[in-house]
Amino acid sequence: MSEPLAPQYNPQAIESDLYRFWNQRGVFAPDGPSDHPRAGPPYVVVMPPPNVTAVLHMGHGLNNTIQDVLVRFERMRGRAALWIPGTDHAGIATQNVVERLLAKEGLTRFDLGREAFTDRVWSHVRETGAVILRQLEALGCSADWSRAYFTFNDDLSRAVREAFVSLYEKGLIYRGHYIINWCPRCLTALSNEEAEKEEEEGRIWRLRYPLADGSGHIIVATTRPETILGDTGVAVHPDDERYRGLIGREVRLPLTDRLIPIVADDAVDPEFGTGAVKVTPAHDPLDFEIGRRHGLASIDVMTPEARMSLAAPERFQGLDRYEARRRVVDEFERLGLLEGVDHHRHAVGHCYRCDTVIEPRLSDQWFVKMAPLAQPALEAYRDGRLRFVPERRGDEYARWMENIRDWCISRQLWWGHRIPVWYCQNEGCARMTASRTDIERCPDCGGPVRQDEDVLDTWFSSQLVPFSSLGWPDRTRDLDRFYPGHTMVTAPEILFFWVARMVMAGIEFRGSIPFSTVYLHGTVRDTQHRKMSKSLGNGIDPLDVVGLYGADALRYTLVAGSAVGTDVILDPDDIESSFAPGRNFANKLWNAGRFILSNLEGPVRPLAGPHANVIRRDELGLADRWIIARCDATVAEVTEALERFRLNEAAAAAYRFVWSDLADWYIEQIKPRLTGEQPGGDVARAVAAQTFDVALRLLHPVMPFITEALWQRLPGRAKDDSISVAPWPRPDPRAADTAALERFGAVQELVTAVRALRGEYGVQPGQRVHIRVTGSGPAGVFDDERDTIQRLAKVAELRLDQPAGTQLGAHAVLEDGTGVFMPAEGAFDVGRETERLQKEEDRLYRAIEAQKKKLSNQQFTSRAPAEVVEREREKLRDWSEQLEELTRKRKGLVMA
RNA sequence: GGGCGAAUAGCUCAGCCGGUUCAGAGCGCCUGCCUUACACGCAGGAAGUCGGGGGUUCGAAUCCCUCUUCGCCCACCA
C-alpha cells in the first residue's frame, strides 16, 4: 500500500487514470496485453452505434453498461473478448439537426448547396463523435478503440457499395414507381418502419358523388377529403348488391369537372364505410393497386411539402393539406353533397424523426426485395440458432419476418451514402449502371453519365456493421476470426430497423447470422414512466452522474435496476436518491477495502497451493469456514446469473455478499483476531484477503474502476497487474460447508435476538448484559462461539442450557424454540421500563378514546370528506395496534 | 382490429416451471447510536388481504378463467 486511502470514496481521483492505464496496457484488445495473452475462443459484441446527432443520454448509458458487463465477464473468463465500438452517421437525424442549426442563422441547406452543406455536417459530426467517444470512456467501456468504426467512413462506404451492387446484380434491388411514406417536412421518402403508426381520433366524411347522367349518386367515405382532387375512380366490391347496377358507369367528380368510372374490385370491403371507395392512385397504396388493376390514371395533387399542387383546381393550389381538407368539405357542404361526418379512430403515420404526419406519395424510389432475405432469417430463429432475451421478443421478430414488405431504401437527403447508380445521359441509350466504383462514362455507349441524386437509408449501412466493421468486403483476418459474433445488446425500438436487418444481411453476405443472442434491454424512464427525452426535459445526463458519484455508482444503479424485460425508472428530480444505491455501495466497498487492506501489511499466509506455510483446513474457525462457503455460493450465483443475462441478480448477489456477509459479519467477527486480542489473526487476514479478492473480481464487470483500484492494492500484485484480465473465480465444490452455514447462522440468529431485546427494552448502548439461553445451539455452537456472541451482542455473561429462573427480565424465542432470556438486573430498570411503557400505553389509550369519540360524532363523519374520515379511521387502527404491541412488551417483562 | 406483457410495502422493483430463503431488496419512514473501515455508516423497528372476482389443488403471489387499469408491438379497412 502506497498512500492512505480516503474514508470517502472519491471516484474522480481514480477513474480517468485507471482508464488510461487499461488502454495503454492493452487489456481491451481481444488478445490482451502481450505479456498476459488470452488464448480462449473469441467473444464478440458489436456496439449499437450511437447517432452522431448529439451526445449520449441515459439510454446509451444503460446500453453500453450492459455490454461492458458482458464483455468484461467473458474477458475475465479468458475469452478473446472483442467489443467493437462505433458511431452512426444517422442520415436523416443528423441532417435535421444541422438544418436546425442553420435555421438559427437564417439559412437552409439549399442556400449552402449540397457540397457545402455536407461539409458543414461533417464538421458537426466530428465534434459530437469525439464527445461521444469521451463519454464512452467515462463510462468505463472496455471497447477496442483501435477497431472503432463510423458508418460513413471510407471503409464502411465501400462495404455499402459492395452490398448495394451485389443485391442489385442478384435482382434484389430494384427501382420502382410506388406509393411510399413521405415526410413533407423532411422532404424524403421513409421506410415503413420509419413511419410510426399512432392511433388518433379522426373523422370520416361521407360524400356524394353524382352519377354523370344525373340519375342519382353514390356515397363514398374518406378520412382525407383533400385527396378527392386526385380521384380517378370509385370502387365497389363486385358482389355488392347495392352497387351492382352502377359498375361501369361514371360519376362527375365534384369540385372538378372530371368524369371518373365506377369499377369493381375485390379489395373493397363492403362492410366498411359505405362500401364505396374513392380511388386516388397517387395518394394511397390500396388505391394505387386498384388504379393499376383498372387502368386508372394517377393524379398527384400535392407538392412535396404537402400543399395542393398545380394538378389541383386553381383555387386550391398552394393550400396546405389540412386547409385544403377544410375547403373541400366546405364546398361539399355548400353543394349539398356532404352526406355526413363521423368520429373515427384510426392509425396515422408519423415521421419517426420529426413527428410530422406522413403523406403517402407516389414516386420513384429504390427498394430491396425482402422476402428471399427474410426466409433464412426466420429459419435461423425457428431452429434456435438465433435466440432472444427476453424470449418473447422473438415472436415479434418472427411476425415481422413473416409479414415482411419490400424496403424503400432511397432518401431524398444530402447526408448519406449516395446511391451508386449512374444514368446514361445519352437519350438513345438511357442505361442505368450500378457500380462499385465511380464511373464517368456509360459502359454501353460511352456517353456522359449522371449519378443518382438520392442517398441510402442510414440503416442500409448499419445493417452491415457486424462484418463491415471487420474489414468486409475484404477478406481480412479479423473477419475470419471475429465473424460471426455472439451477443447483440440493444433497445427494443430498433429490433426491426436494425437487428432484423443485420440478421438478413449477415446471412446474405457472410452466410451466417451475425450473433447468436439478442439481448433487448428496457427503456430508461422517469417516475411517470415517460421515456427520458430531451424534448420533455426529463433526461438525466450520464456524465452528470459520473461527475457526482462516479461511473461505478451509475453502472451499479443501472444494472441493479434492470431486470430482464423491464424498464429502468429514474427520478430526474432526485438524482441523489436515484443513484444512492450505487453511490452508497461503492463507498461501502471502498471502506471495507480500506479496512482489509490496512490489515494486510506484512506477509499473508496463503490459503491454498504448494506452499510450506499454507493455512491448514483445521486452522479455520467457524466464521472463516462460513465466509468461505458464502463466498463460494456467491461465485456460483453471480456466474450463473451473468450466463443467463440476469445482470441485476448478479449485482444483487455480489452486493449481499459484500455488505451483509463480509462487512456486517465477517469483518466484525475478525476485528479482535486482527488486533491480537484473540488468536487466529493470520488466518483471518488470509481469509479476508482471499474472499475480498473474489468479491472484487465478481463485481469488476459491473464496477470496473473501484474494483481495479482496490484489487491492485492487494498484496502480491505486480505493478502492471490488472483485475480486468484476472481470472474469473470458479466455484470450488470443496468449499461447500453446510455445517458451517448452519452453525454460523445460529450464531447470527442469537446475536440478532439479543440486539433486538436490547433495543426493545431500552438497554443503554454501551451496557453489557447477561443472557441465559435454554439450549446451546446446533452441536453446541453457542458454547464454541461464545466470544463472538458476547462481543457482537455486547453480552457480559452468556449462560447456556439454563432452565427458567425466577428473575425479572425480557425474553425472546429463536426459530427452533430456543428461549433467550435477558435478566433486567444490571441491564435495565424493570420498574422504570414498566412505567415508561405504562405511560406510553396511557397516552395512546387516551388518544384512542378521543379518536373514537371523534369518529362516533355524526357531524364529523357525515360532513367531512370521505378520505379525511378514512384517514382518521386509519389513525385509530394504527394506534390500537401500537397499544397492543406496547402491552405485549410490558407483559414480556416477566419472571423467567 | 390482431398479438404480447405488467399490476407485490409510501416509491422503484425482485420472487412467479405451486409447498424450507415466500411474503423480500433498495430508497423513504420511526427509535437509538459519531462502537478506532464506512453517518454515503451501525443496531433495531413499523409497513403489503401479493389489482378485483371465480376456479384447479391437500396447499397459489406462483397454474387456469374473467373483470378493471396501465404498457409494448403489429395493422392498406378507405
Side-chain angles (χ1 to χ4, degrees), chain A residues 5-9 179 192 197 199 204-205 220-224 227 235 267-280 284-290 344-347 349 360 390 392-393 395-397 399-400 403 405 492-493 495-496 522-523 525 527 529 549 553 557 560-563 565-571 574 576-599 646 648-649 652 655-656 659-660 663-664 667-668 671 675 745 751-752 754-760 762-766 791-794 878 881-882 885:
Chain A
L5 302 175
Q8 190 151 320
Y9 173 53
I179 298 277
N192 295 320
K197 290 296 175 69
E199 282 258 314
I204 186 163
W205 288 266
V220 300
T222 181
T223 55
R224 294 187 295 150
T227 62
V268 178
D269 176 2
E271 303 295 314
F272 187 85
T274 61
V277 190
K278 58 187 272 316
V279 182
T280 322
D284 185 276
L286 181 65
D287 293 9
F288 178 78
E289 296 299 324
I290 295 174
H344 182 62
R345 274 196 81 74
H346 61 146
R392 64 187 149 82
R393 291 289 181 176
D395 296 338
E396 284 174 25
Y397 169 92
R399 232 189 322 280
W400 187 81
N403 300 304
R405 286 175 291 167
E493 293 99 275
L495 178 57
F496 308 134
T523 307
R525 298 176 184 279
T527 49
H529 291 217
Y549 311 124
T557 304
S562 61
T566 66
D567 291 334
V568 180
I569 312 293
L570 298 170
D571 186 353
D574 192 353
E576 173 161 7
S577 76
S578 292
F579 294 94
R583 180 199 60 176
N584 295 354
F585 184 47
N587 196 237
K588 186 69 181 181
L589 193 62
W590 183 254
N591 278 292
R594 237 159 43 93
F595 179 81
I596 289 170
L597 290 170
S598 68
N599 281 288
R646 320 278 283 226
N648 62 319
E649 288 178 20
Y655 179 101
R656 260 196 309 276
W659 203 315
S660 307
D664 287 349
I667 288 182
E668 291 308 321
K671 276 179 178 173
T675 58
V751 168
T752 302
V754 174
R755 284 171 174 170
L757 282 177
R758 300 175 56 106
E760 269 186 73
V763 177
Q764 291 302 306
R791 198 167 42 77
L792 296 183
K794 289 182 184 154
D878 286 352
E881 281 171 27
Q882 285 174 32
E885 172 68 16

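Each chain gets a letter, A, B and so on, in the order the sequences are listed, and its residues count up from 1.
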B/S/- contact track for nucleotides 70-78 of chain B, protein heavy atom under 4.0 Å: --SSSBBBB
Side-chain N,O ([X]) to OP1/OP2 ([N]) below 4.0 Å:
{"X": "A:W590", "N": "B:G41", "answer": "no"}
{"X": "A:T566", "N": "B:A14", "answer": "yes"}
{"X": "A:K794", "N": "B:A43", "answer": "no"}
{"X": "A:N584", "N": "B:G41", "answer": "yes"}

Please classify the nucleic acid contact of [X] as base, sugar-phosphate, or nothing, using heavy-atom distances under 4.0 Å.
{"X": "A:T280", "result": "nothing"}
{"X": "A:W205", "result": "nothing"}
{"X": "A:A592", "result": "base"}
{"X": "A:F585", "result": "nothing"}
{"X": "A:A663", "result": "base"}

Test item: A:R393 side-chain N/O and A:L495 main-chain N/O as donor-acceptor pair under 3.5 Å: no
Taking [M] as the reference, what is the distance to [N] when you measure between their [atom1] atoms (whole Å, please)?
{"N": "B:G5", "M": "B:U49", "atom1": "P", "value": "27 Å"}
{"N": "B:U69", "M": "B:G53", "atom1": "C1'", "value": "15 Å"}
{"N": "B:A43", "M": "B:G48", "atom1": "C1'", "value": "24 Å"}
{"N": "B:A46", "M": "B:C29", "atom1": "C1'", "value": "8 Å"}
{"N": "B:U35", "M": "B:A25", "atom1": "P", "value": "27 Å"}
{"N": "B:G28", "M": "B:G45", "atom1": "C1'", "value": "14 Å"}
{"N": "B:A47", "M": "B:U31", "atom1": "C1'", "value": "15 Å"}
{"N": "B:C34", "M": "B:G18", "atom1": "C1'", "value": "49 Å"}

Rounded to the nearest angstrom, tell me the gap between atom [atom1] in [X] and atom [atom2] in [N].
{"X": "A:F595", "N": "B:U35", "atom1": "CZ", "atom2": "P", "answer": "15 Å"}
{"X": "A:R755", "N": "B:C42", "atom1": "CZ", "atom2": "C1'", "answer": "9 Å"}
{"X": "A:R583", "N": "B:C38", "atom1": "CZ", "atom2": "C1'", "answer": "12 Å"}
{"X": "A:D574", "N": "B:G10", "atom1": "CG", "atom2": "P", "answer": "19 Å"}
{"X": "A:Q764", "N": "B:C33", "atom1": "CD", "atom2": "P", "answer": "8 Å"}
{"X": "A:I667", "N": "B:C42", "atom1": "CD1", "atom2": "P", "answer": "11 Å"}
{"X": "A:L757", "N": "B:A43", "atom1": "CG", "atom2": "P", "answer": "17 Å"}
{"X": "A:N648", "N": "B:G26", "atom1": "CG", "atom2": "P", "answer": "15 Å"}

Given RNA chain B, 5'-ward residue of the pair A:E649 and A:W659, judged by closest heavy atom: A:E649
Residue mapping more 5' on RNA chain B - nearest nucleotide basis, A:D395 or A:S577: A:D395
Salt bridge present between A:R583 and A:E576 (N-O < 4.0 angstrom): yes
Residues A:H344, A:F272; criterion ring-ring contact (aromatic ring centres under 6.0 Å, His included); working and verdict: CA-CA 12 Å; A:H344 182 62; A:F272 187 85; 5.8 Å; yes
Are [X] and [Y] side-chain neighbours, meaning at least one heavy-atom pair lies under 4.5 Å?
{"X": "A:D287", "Y": "A:V277", "value": "yes"}
{"X": "A:H346", "Y": "A:I204", "value": "no"}
{"X": "A:V754", "Y": "A:R758", "value": "yes"}

Set of residues satisfying side-chain contact (heavy atoms from CB on, under 4.5 Å) with respect to A:R525, sequence neighbours excluded: A:T523, A:H529, A:K531, A:D567, A:I569
Options [options], nucleotide nearest the side-chain atoms of [X]:
{"X": "A:R392", "options": "B:C38, B:C4, B:G44", "result": "B:C4"}
{"X": "A:P765", "options": "B:G15, B:C38, B:G32", "result": "B:G32"}
{"X": "A:D664", "options": "B:G44, B:A14, B:A43", "result": "B:A43"}
{"X": "A:I569", "options": "B:G15, B:C13, B:G45", "result": "B:C13"}

Side chain to side chain contact (heavy atoms under 4.5 Å, CB included) between A:L589 and A:W659, intermediate numbers included: CA-CA 8 Å; A:L589 193 62; A:W659 203 315; over 6 Å; no
Trace of the salt bridge (Lys or Arg N to Asp or Glu O under 4.0 Å) decision for A:D284 with A:R224: CA-CA 10 Å; A:D284 185 276; A:R224 294 187 295 150; 3.5 Å; yes
Each stem that RNA chain B is part of, given as range with range (3 or more consecutive Watson-Crick or G-U pairs, under 3.5 Å): B:1-7 with B:68-74, B:10-13 with B:24-27, B:29-33 with B:41-45, B:51-55 with B:63-67
Under-3.5 Å donor-acceptor pair between A:E668 side chain and B:A37 base: yes
Smallest separation among heavy atoms of A:P360 and A:P285, with atom names: CB-CD, 4.2 Å
Point-to-point distance, once rounded to the nearest 0.5 Å, from CD1 of A:I179 to CG of A:L286: 10.5 Å
Plane angle bin for A:Y9 and A:W590 - parallel if under 30°, tilted between 30 and 60°, otherwise perpendicular: tilted
